Structure formats: C-alpha cells, structure tokens
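Let me begin by presenting the structure, written as structure tokens, before commenting on it.
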Protein chains: 2
Amino acid sequence: MKPITLKDIAHELNISVTTVSKALKGYSDVSRVTKKAVKKMAKKLNYTPNSVAVNLRTQETKTIGVIIPAIVHHFFSNVIDGIIKEAKKQGYLVITLQSNEKLEFEKKQLKLLQQHRVDGILISLSNETYQFDHINAILQKNIPLVMFDKIGKLVNCSKILIDDKQAAYEAVSYLIDKGYKKIAHFRGALKPQNSIDRFLGYKKALQDNGIEYDQSLVYICDNNDDFNNGYKYAKKMFEQHKNVDAVFTVTDVVAYGILKYCNENNIKIPDDIAIFGFSNWFMSSIVTPKISSVIQPSFEMGKKATKLLIKEIKNKKSKTPVTFKKVVLPTSLAIREST
Amino acid sequence: MKPITLKDIAHELNISVTTVSKALKGYSDVSRVTKKAVKKMAKKLNYTPNSVAVNLRTQETKTIGVIIPAIVHHFFSNVIDGIIKEAKKQGYLVITLQSNEKLEFEKKQLKLLQQHRVDGILISLSNETYQFDHINAILQKNIPLVMFDKIGKLVNCSKILIDDKQAAYEAVSYLIDKGYKKIAHFRGALKPQNSIDRFLGYKKALQDNGIEYDQSLVYICDNNDDFNNGYKYAKKMFEQHKNVDAVFTVTDVVAYGILKYCNENNIKIPDDIAIFGFSNWFMSSIVTPKISSVIQPSFEMGKKATKLLIKEIKNKKSKTPVTFKKVVLPTSLAIREST
DNA sequence: TTGTAAGCGTTATCAC
DNA sequence: GTGATAACGCTTACAA
C-alpha cells in the first residue's frame with residue numbers, strides 16, 4: 001500500500017539506488033541494459049517519483065504561490081487561468097490563496113507560502129494594503145515575487161499592470177470625441193490605486209478637452225455591491241442632473257446597474273445617455289444594449305506575470321543578478337452599442 | 001540568505017536540534033527556560049519551518065489537489081472558492097489544475113498531483129471521461145479522492161453532486177403549474193451526464209403532467225458557445241414552431257442568447273415566452289427581465305467536498321475503515337420575472 | 001559502468 | 001529535561 005520507492009526498484013533488481021536514480025533520469029553513465037531493466041521495473045511496479053523528497057534535496061518545489069483578493073471575480077479568475085496554464089507549460093504547480101481584501105489574511109497567506117517553500121510568489125494586493133513590511137520581508141529573503149494589477153508603487157520588485165489612468169483617459173476621450181459633453185463618473189472606493197487612477201484619467205480627459213471638471217458628477221461606489229451602487233446612483237444622478245449625456249464607470253458591473261435603471265425608466269441608451277464601462281466583463285457583449293468597455297488583458301497578465309516570475313526563479317538559481325521589471329500591458333477599447 | 005533552520009537556532013543557543021524542535025512544538029518535556037529561549041531566538045532569526053522537510057518526515061503534505069474542467073466559469077470558480085476556504089480553515093493548501101475538458105490532460109494532472117504527494121484529490125470529470133482507469137488507479141493506491149458535480153457513476157468513491165434530473169423536473173413542473181403548455185428544451189451536448197439528466201427531468205415532468213414529449217422541441221447546444229447557441233436556436237425555434245410558450249435551458253448562458261433574440265424581435269418575456277435557466281449565474285438577476293433559474297449550491301459543494309475529503313484523509317491516517325459517501329445537495333428554484 | 005556515503009530539514013525513538 | 005541517532009526518499013560528489 002505504501003508508494004514504491006527507488007529502493008524498492010533497486011532491491012528488486014539487486015542494484016544500487018544510485019544506479020536506479022541515474023537510469024530513470026537517463027544519465028549517460030548507465031548501461032543500456034540496466035536502464036532498460038530499471039525502466040521496465042519502474043513501470044511494472046507503477047513507480048511515481050516522490051516530489052517531496054526531490055524538493056528537499058534540490059531545494060526547489062516547482063510550485064508557485066498566488067495570492068489574490070478573490071477568485072470569484074471575472075478579472076481574477078481569468079488571471080489565474082493564465083497563471084495556471086503558463087506554469088503548467090513550464091512544469092510548475094500553482095497554489096492559490098485568497099486575501100479577501102484583508103491585509104491580515106494577506107500576511108498569513110504569505111507566511112504559509114513561505115513555509116511551503118514555494119519557488120516564487122505572485123500577488124495582487126488587497127484593498128487594505130498600504131504598508132509593505134510583509135512584502136519586503138519576502139523580498140529580503142530573496143524569494144522571487146512579482147506583483148500584478150494591484151501593486152505597491154513603493155515596493156522594489158517586478159510588477160505587471162495596466163495604465164489605469166491612460167485607459168480611463170482614452171475611454172473618456174472617446175466619449176468626448178463622439179460629442180458627449182456632460183460626462184459623469186461612477187468611481188470606485190477612495191483608496192485603491194486603480195480607482196484613483198481611473199478617476200484621474202477621467203478628470204484629465206475632461207481638462208485636456210476644455211470641459212470643466214464638476215465634482216457633483218462623480219459618484220463613489222464604495223461598498224462591494226457594484227450592481228446596486230450603479231442602480232442607486234443612476235437614480236440619484238438623474239434626479240440631480242437633467243442633462244448628463246454620458247457615464248464612465250469604474251467597472252462594468254456598475255454599468256449594469258445603470259443599465260437596469262435606464263431600462264426601467266425608459267431612458268434610451270445611447271440616445272439619452274451613453275455608458276462606458278471598464279474591464280470588459282463577459283456580460284457586456286451580451287446585455288442589451290451591449291456595453292462599451294475598456295479591455296483589460298487579464299489572461300495575458302497572468303501569463304506574463306508567471307513568465308516573469310519563473311525567469312526570476314531561474315535567474316536566482318543561476319545566480320544571475322536580478323533586475324526588476326515593470327511591464328505595462330496595453331489596454332484597448334471595445335466599442336459597442338452603448339456609446 | 002539561506003533560510004534559517006533548526007540547526008541554526010540550536011547552534012546559536014548551544015543546544016541540540018532535538019530540543020529546539022520539541023521546544024518549538026511545545027512539548028511538555030522541555031524546561032520553561034529553554035522553551036522561552038528557543039522561541040525568542042526563533043523569532044529573532046525569523047525562523048520559518050520548512051514544510052518540505054516536515055512533509056517528507058511525516059508523510060503528509062497538508063495539500064490537496066483539485067482538478068476541474070475550467071476555472072473561468074461561474075460554477076467552478078465558486079466551487080474553488082468553497083474549497084480554498086474550507087481547506088484553509090483546516091490547515092490545507094490547494095493546488096488547482098484544469099483538464100480543459102480533455103481526458104488526456106486529466107490523466108496528466110492526476111499523475112502530477114500524485115508525484116507531489118498531495119494528501120487527497122477533488123475532481124470534477126472532463127466531458128471526455130467515460131472510462132475510469134486513471135481514477136481507479138488512484139483509488140487503488142489508497143489516495144483519498146472525492147468526485148464532485150461531474151462524477152463517474154461506476155467509480156467506487158465518495159461523491160457529492162446535485163440531482164440534475166430532479167432539479168430539471170422541478171423547474172419544468174413549475175412552468176407547467178404556471179400554465180405553460182408547449183415547453184421547449186435547449187439541452188447540452190449528448191454525452192455529459194448533467195446534460196442527459198436535465199433532459200430526462202424535462203421529459204419526465206412533461207410525461208407526469210400528461211404533456212406529450214415532442215422531440216422537435218429539443219435543441220442541442222453542443223458546442224462551447226452557449227450564448228450564441230441560445231440565440232441561434234431561438235431563431236430556429238420561432239421559425240419552426242409558432243406556439244411555443246416556454247423554454248427550459250441547460251444553463252443560464254443559453255437563456256441569455258434567447259433573451260437577446262427576443263429583445264431584438266420584440267418578443268415579450270414572459271408574456272410571449274417564458275424562460276427558465278439552470279445554475280443561477282450572477283447575471284440572471286441583473287438582466288432585464290430577470291431570468292428564473294435553478295440554484296445550484298456551488299460554494300457549498302466545494303466546502304462539503306473538501307470536508308468529506310479531509311475526513312477521509314484523517315480516517316486513512318487513523319486507519320479507520322473507509323466508507324464511501326454519496327451526498328446529494330439540495331437545489332432550489334429562483335423564480336424571477338421571466339416565468 | 002556501478003556503488004558508497006553524505007546530506008537536504010525535520011521528527012521520533014530511546015538512552016542518558 | 002536533554003540529546004544522539006536514525007529515518008523519510010531522493011540526488012550527487014566521489015570512489016571503485
């Protein structure tokens with residue numbers, strides 16, 4: 001019932017464990033005959049190498065750890081998909097952990113990954129994380145770590161992200177070019193960098209186009225119920241402002257809330273009001289009307305982050321000096337019926 | 001730069017590794033003074049236990065492996081969420097792997113998990129899996145394995161699932177009770193058990209209510225583009241049948257396709273046609289009109305499956321004889337505007 | 001071409 | 001209360 005070991009094979013063939021090990025790995029200093037016999041026996045006994053022992057010996061686990069705020073999320077599940085696929089391609093396994101947007105959990109998970117001696121870590125910070133001792137501790141121990149999407153600007157490590165400000169700028173500029181003049185913004189919470197940057201992009205686009213920034217046109221969706229926030233603030237907005245002709249939202253789900261309100265109140269999209277979302281959720285091309293949105297390369301981000309991380313792992317192994325990279329992935333606009 | 005080990009602590013304090021190990025684990029046969037000193041030093045040196053070494057020694061990795069068809073999927077990402085949360089609660093880490101609906105991948109991933117000596121495995125089968133040698137091989141090696149959702153009826157292990165047939169039966173019965181008489185079914189591919197069972201539930205509900213089963217009212221959505229399948233077959237259905245008054249779909253995404261077609265062609269829901277979906281995707285309560293759907297307990301399923309698995313792991317360790325369980329999780333109906 | 005022996009970092013047994 | 005020693009399963013100098 002116990003798993004077969006090299007020792008079992010060696011014993012069976014009356015040779016040494018060393019030879020069995022070498023034979024199985026195709027070393028050139030083992031005779032053809034022996035190799036063949038070993039492989040045959042391994043197959044016969046249904047031998048499965050014990051990675052744990054290998055890991056201890058070789059000091060690497062061929063495993064990477066990932067910490068994200070939540071896996072039930074359009075963007076993150078796509079990132080994870082990219083991570084798992086790239087990792088698999090390069091022979092790594094992926095341990096996924098969630099911070100649930102809590103700094104405290106993030107710290108614990110980081111410790112766990114360390115204990116398990118993952119070869120490297122990918123992390124997207126929680127919304128609570130504005131202090132980076134726990135991250136820096138990892139970095140100081142020379143454990144490869146790459147941040148993606150929600151990064152800490154002050155941390156000295158490789159990062160991969162999009163330019164939220166620029167992406168928002170492009171979306172809002174598009175609206176302006178289309179002739180929309182009074183553009184509201186349903187932004188995210190006040191602290192997260194993504195939320196701030198998208199807001200700044202919105203503001204800058206207005207200013208660069210000679211449209212005065214009006215604070216009363218900015219609504220803050222700061223609890224986690226984006227859909228209902230969209231609905232609620234749409235109502236409020238239409239009560240407060242008669243002539244808003246477009247809305248740019250921090251994420252598509254907020255836009256769905258607005259959409260619902262408009263449908264219920266016979267407000268025509270895009271004739272009465274245009275809607276531009278962010279993150280290009282699956283549903284945005286399915287709802288009626290289809291919602292324009294900023295395309296955020298989620299799968300790509302996972303893939304690239306993993307590539308970067310594994311490169312750093314290999315560099316560390318070969319003692320190549322580290323150079324941290326900051327990769328900004330391009331975004332684009334999906335223009336649909338709502339604008 | 002190398003991680004601190006027990007040896008380092010022992011050396012620092014001039015005591016033995018054994019004592020350090022015991023002290024750190026709070027064994028009663030170490031003096032208070034020594035314990036205190038050891039813990040202090042461990043903290044000072046920022047000691048992190050090496051799980052790999054522990055794993056090798058204790059023959060358990062405190063890790064479970066999960067194989068699912070795809071992670072970018074409403075149902076599965078919720079299951080994974082449940083798995084990760086429950087595993088974490090019990091001190092286990094989760095390695096996630098995807099089969100991409102390919103039997104070949106499923107086999108490979110299973111082998112990988114074995115090599116890494118995970119303590120147990122959770123699996124939801126690929127649509128291609130109708131032969132179970134790879135699963136049985138794991139079971140024969142006495143590695144705890146629990147199947148969920150897409151299970152193999154013939155495999156002798158614990159399973160956790162919903163009663164697809166019964167759930168479909170209830171949904172269609174609801175439609176019939178509401179007065180709908182000509183009910184179409186947009187089913188899934190021919191081979192997957194879920195798809196078959198939902199179809200059978202549909203058929204049985206008709207028969208039990210004295211409605212004749214009409215094969216021409218069943219449309220098969222057998223490629224992976226559910227949304228467009230829904231749209232395409234909606235068109236076809238309205239061309240072929242004048243008086244269909246309801247549709248039951250194998251999954252909500254198909255229903256969204258129908259919804260789109262109806263919206264475009266001014267077909268009123270539920271007045272002209274009622275729509276009942278399956279799986280209760282997030283969007284079903286957001287689209288207009290809101291779509292009725294079968295609630296499948298995804299998060300719960302992940303949690304329960306993990307609990308079951310860890311129990312089996314513990315039973316194995318304590319040599320308690322195994323008894324396989326089959327857990328059928330209750331479903332319910334979310335009745336909304338579309339019916 | 002094959003084998004011996006050391007060691008990866010722990011824990012468990014047993015002696016002191 | 002403490003520590004020497006073996007062992008978990010494997011890899012790798014080095015020796016034969």
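From a predicted model like this one, the values you see are computed outputs, not experimental measurements.
Per the geometry, CG belonging to B:Leu13 stands 16 Å off C1' belonging to D:dG1, to the nearest Å. Taking atom CG on B:Asn14 and atom P on D:dG3, their separation rounds to 9 Å, with Å as the unit. A straight line from CZ of A:Arg32 to C1' of C:dT1 spans 14 Å, rounded to a whole angstrom. The nearest whole Å value for the distance from the CG atom in B:Leu24 to the C1' atom in D:dT2 is 16 Å. B:Lys7 has its NZ atom 13 Å from the P atom of D:dA4, to the nearest Å. With rounding to whole Å, B:Ile9 atom CD1 is found 14 Å from D:dG3 atom P. C:dT4 atom P lies 12 Å from atom CD1 of A:Ile15, rounded to whole Å. For the pair B:Leu56 CG and D:dA6 P, the computed distance is 17 Å after rounding to whole Å.
For B:Lys102, the salt bridge (charged side-chain N to carboxylate O under 4.0 Å, His left out) partners two or more places apart in sequence, or in a different chain, are B:Glu128. In this structure B:Ser126 satisfies the side-chain hydrogen bond (donor to acceptor under 3.5 Å, both in side chains) test together with B:Thr129, sequence neighbours excluded. Taking the side-chain hydrogen bond (donor to acceptor under 3.5 Å, both in side chains) definition, one finds that A:Gln59 meets it with nothing, sequence neighbours left out. Evaluation of the salt bridge (charged side-chain N to carboxylate O under 4.0 Å, His left out) rule for B:Asp29 yields B:Lys22 as partners, not counting sequence neighbours.
Applying the 4.0 Å criterion to OP1 and OP2 of C:dG3, one finds that A:Ser16 has a side-chain N or O inside that range. Phosphate contact (OP1/OP2 of C:dG9, side-chain N/O of A:Gln59, threshold under 4.0 Å): present.
Between A:Phe148 and the choices A:Leu125, A:Leu161, A:Val79, the side-chain contact (heavy atoms from CB on, under 4.5 Å) rule is met once, by A:Val79.
No contact: B:Ser51 has no heavy atom under 4.0 Å from any strand. Counting any heavy atom pair closer than 4.0 Å across all strands shown, B:Ser28 reaches sugar-phosphate atoms only and no base atom.
Positionally, the nearest nucleotide of DNA chain D for B:Asp29 lies more toward the 5' end than for the other of B:Asp29 and B:Arg117.
Rounded to the nearest 0.5 Å, atoms CD1 (A:Ile123) and CG (A:Leu110) are 5.0 Å apart.
Among residues at least two apart or in separate chains, salt bridge (Lys or Arg N to Asp or Glu O under 4.0 Å) pairs with a member in residues 69-96 of chain A are A:Asp81-A:Lys85, A:Glu86-A:Lys89, A:Glu86-A:Lys303.
Side-chain proximity of A:Thr19 to C:dG3, C:dC8, C:dG9: nearest is C:dG3. The side chain of B:Thr5 approaches C:dT10 more closely than any other nucleotide in the set C:dT10, C:dC8, D:dG1.
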Any N/O pairs under 3.5 Å between the protein and nucleotides 11-13 of chain C? List them or say none.
| residue | atom | partner | partner atom | Å |
| --- | --- | --- | --- | --- |
| C:dT11 | OP2 | B:Ser21 | OG | 2.7 |
| C:dT11 | O2 | B:Arg57 | NH1 | 2.1 |
| C:dA12 | OP2 | B:Tyr27 | OH | 3.0 |
| C:dA12 | O4' | B:Arg57 | NH2 | 3.3 |
| C:dA12 | N6 | B:Thr18 | OG1 | 3.3 |

